[in-house]
Protein chains: 2
Amino acid sequence: MPVNMAAKKEPRKSARYRDIAAELQKEIRLGSTPVGELLPTETELMARFGASRQTVREALRIVTEQGLIVRRAGLGSVVIAAEPPVLFTHSVKSLNEWLRYSNETYRQVVGSSDVVADRNLAALLKCEPGKHWFLIEAIRRSDEFADPLGWVEIYVLRKFAGVVKRRDHGRSPVHEQIAKMFGETIEYAQLEVFARGMPAKLAKALGVKAGSPALTMVRRYYGLREELFEVTVTTHPEGRYTYTMDMQRSLRPKV
Amino acid sequence: MPVNMAAKKEPRKSARYRDIAAELQKEIRLGSTPVGELLPTETELMARFGASRQTVREALRIVTEQGLIVRRAGLGSVVIAAEPPVLFTHSVKSLNEWLRYSNETYRQVVGSSDVVADRNLAALLKCEPGKHWFLIEAIRRSDEFADPLGWVEIYVLRKFAGVVKRRDHGRSPVHEQIAKMFGETIEYAQLEVFARGMPAKLAKALGVKAGSPALTMVRRYYGLREELFEVTVTTHPEGRYTYTMDMQRSLRPKV
DNA sequence: GTTCTGGATTTATACGGACAAATAAATATG
DNA sequence: CATATTTATTTGTCCGTATAAATCCAGAAC
C-alpha cells in the first residue's frame, strides 16, 4: 500500500510566485523599501528573480492583497505599510445581527406622528434643526418576559412613513421594510451608546422610576449619498438589556 | 486643444475581463447555474467569449473575489452563492480604536492585588470560579476634564502582573503592554455594554451618588487557544462617556 | 514665471503556448 | 464485491510577447 504521505497536510512545494511574494514581504517588513517609496519595477524583479512577468505580477498581486503596496500604472508599486495591517473585523450579514435583536422580540407600536427637529432633537439625531421626521414610538417586548425590554423611537424620513402600515411592521426591522418598500439601503451606520437617567415620559410605560439607570442606544442609518434616512433611539431600563459584540482578528477577511 | 473629456470621471471603457466577470455574475444571480453546480470550464468560456485563457481567468478571479464561486483544480468553478454576500464590516487596526480611548486619556492606578474569582466575579468575567487573577484598579482621566471619566478594573492572568511596573503603564492599553512584554496577542475579543446603578464603592471616587446611572462595559480578550487572558470592566457615570461605533457596508473589505 | 506637449517609464490588459497538480470517473486487480 | 490504478478533465503555474493606459518629467511655448 502506498504511503499516501501527508495526505491533507502541507508538503506544498510552494509556487514560484508565492516564494517571490514572501521574499518581497519580508524585505518590506525589514525596511528595504520604506513606506512611501517605490518597489523595484516588474522588469527589475523579473531580472532579479529570473521569472516571467506573469509570475512577478502574481507575486505582486499577493503583496497587494496583503495591504503592503498599491500599484498604479505609470507610477509603480508604492509601499504603504511595512507590516500587514492587523485588522479586527466584526462582520455581519445583516444589521439585525448588529442590533442583536433576536426574533423573539417585537415592537408594540404606541403611536406615530410628524415631528420637526428642534435643537435638542437635532443634536440627538445629528441632523440640522428644522428637519422633518416621521416618528414611530413603540415598546419593545419579548415573548419570554412580561416586562418590556425598552422604549423605541424610530425617526424616518417622511417619505418612508408608509412602513407603519405593513403587516410585519412590528416584527421586522424598519430599515429592512424601507429597503423592501422603497429600495433605500444602508450604506453606512453609526452606533452610539450611553447611560442616562430614565426620562419621566418613558418611566411609567416601562415600569421603572424616572431617573433610574437606563441604557440608551442611538443608531443612525445612512443611505447612498450619505443621506441620513433613519435614526432609532432605544432606551432600556437597568437589567433588561445588554449589548454584546464579538470581534475576530483577521489579516484579511476570508470568504 | 484636446478636450480632455471627463477628466477624472468614469468614462471607463471597461476591460474585457471585467465585462466577462459582470456577465458571469449576472447569470449566476439569475440562476443559470444554481448554487452547488459548476460553471462552464475555462475552455468553454474562452470559446464562448472569444477571449484568451488569461482573460477568462482574470474574470473568474473577480467572480471568486466576489464570493460567488470557489475554484479547484480538477473540479471546476463551483457556484457557492447567487448574490454577493453583503457584509457590514467594522474593521479597526488596533483594539484601541475599538475601545475608543483617545490618547488624551490615561489611567491613574489606585491599586493592584491578587484576587480569586468568586461566583459573582466569575459570572462577570465569564470564567470558572476559583480562577486566579491579578487585578489592577484605576481611575480613567482626561487631560481636558477635571472630572474622572470612569473607573477601570483590569483583570489579567497572574503571569502578566509585571505590566504594572512599566513606565508607560498608565498611558497605553494593557493588552498592548502584554503583547510587548509577553508576546500574547489578542485573537478574539468580546464587548458587553449595559447600564446599572453606580456601585457605592466607586461612587465616591467618581464624585457621583451611589445608584446614579452608570455605563458599564466589559471587554474580554482571548489569545491563542481561546484562552481568556484579560478582562477589563469600566464604569462611567452618566454624561462622562459615550461609546460610538461606525459600520460600513462592503461587499469585500478593501485595502 | 506658467502652461502645454511629447516622450519615456511603468503598470494594465490581452494574446499565445506549455506542463504540473488535483480531481473524478472509468478500468484493472485482488 | 472492494480496492488500486489508470485516464481524461480541469484548474494551477509559468513562460513568451504585444499593445494600451496612466504617470512623470523635461522641454517647448506663452
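Just so we're clear, the structure is a prediction, and the values are computed from it rather than from any experiment. Just so you know, these numbers use all the heavy atoms, side chains as well, and skip hydrogens, waters and symmetry mates. So you know, we letter chains A, B, ... as the sequences are listed, proteins then strands, and number each from 1.
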Query raised in the report: Separation of B/Ile62 atom CD1 from C/dT13 atom C1', in whole Å?
Result: 12 Å
Query raised in the report: CD of A/Gln54 versus C1' of D/dC14: gap in Å, rounded?
Result: 7 Å
Query raised in the report: Between A/Glu42 (CD) and D/dA22 (P), how many Å, whole number?
Result: 16 Å
Query raised in the report: Can you say whether the rings of B/His175 and B/Tyr221 are parallel (under 30°), tilted (30 to 60°) or perpendicular (over 60°)?
Result: tilted
Query raised in the report: Angle class for the B/Phe182/B/Phe160 ring planes (parallel below 30°, perpendicular above 60°, tilted otherwise)?
Result: tilted
Requested in this report: Please state how far atom CG in A/Leu45 lies from atom P in D/dC15, giving the value in whole angstrom units.
Outcome: 13 Å
**Report entry** Check: A/His169 side chain, A/Val163 main-chain N or O, donor-acceptor pair, under 3.5 Å
**Finding:** yes
**Report entry** Atom pair distance, as rounded to whole Å: CD1 in A/Ile20 and P in D/dT13
**Finding:** 13 Å
Report task. Report yes or no: does B/Gln177 contribute a side-chain atom to a donor-acceptor pair with the main-chain N or O of B/Ser172 at less than 3.5 Å? Result -> yes
Query - base_contact_polar (D/dA21 base, A/Arg72 side chain, donor-acceptor, <3.5 Å) - result: no
Query raised in the report: When the distance from CG of B/Asp19 to P of C/dT13 is rounded to whole Å, what number comes out?
Result: 11 Å
Query raised in the report: Less than 3.5 Å between a donor and an acceptor, one on the side chain of A/Arg53 and one on the base of C/dT13, is that the case here?
Result: yes
Query - Rounded distance (Å) that lies between atom C1' of D/dG12 and atom CZ of B/Arg61 - result: 11 Å
Report task. Identify, between A/Leu75 and A/Ala51, the residue whose nearest nucleotide on DNA chain D lies closer to the 5' end. Result -> A/Ala51
Query raised in the report: Which nucleotide sits closest to the side chain of B/Arg57: D/dG12, D/dT10, D/dC14?
Result: D/dG12
Report summary line: B/Met46 CE to D/dT11 C1', in whole Å, measures 13 Å
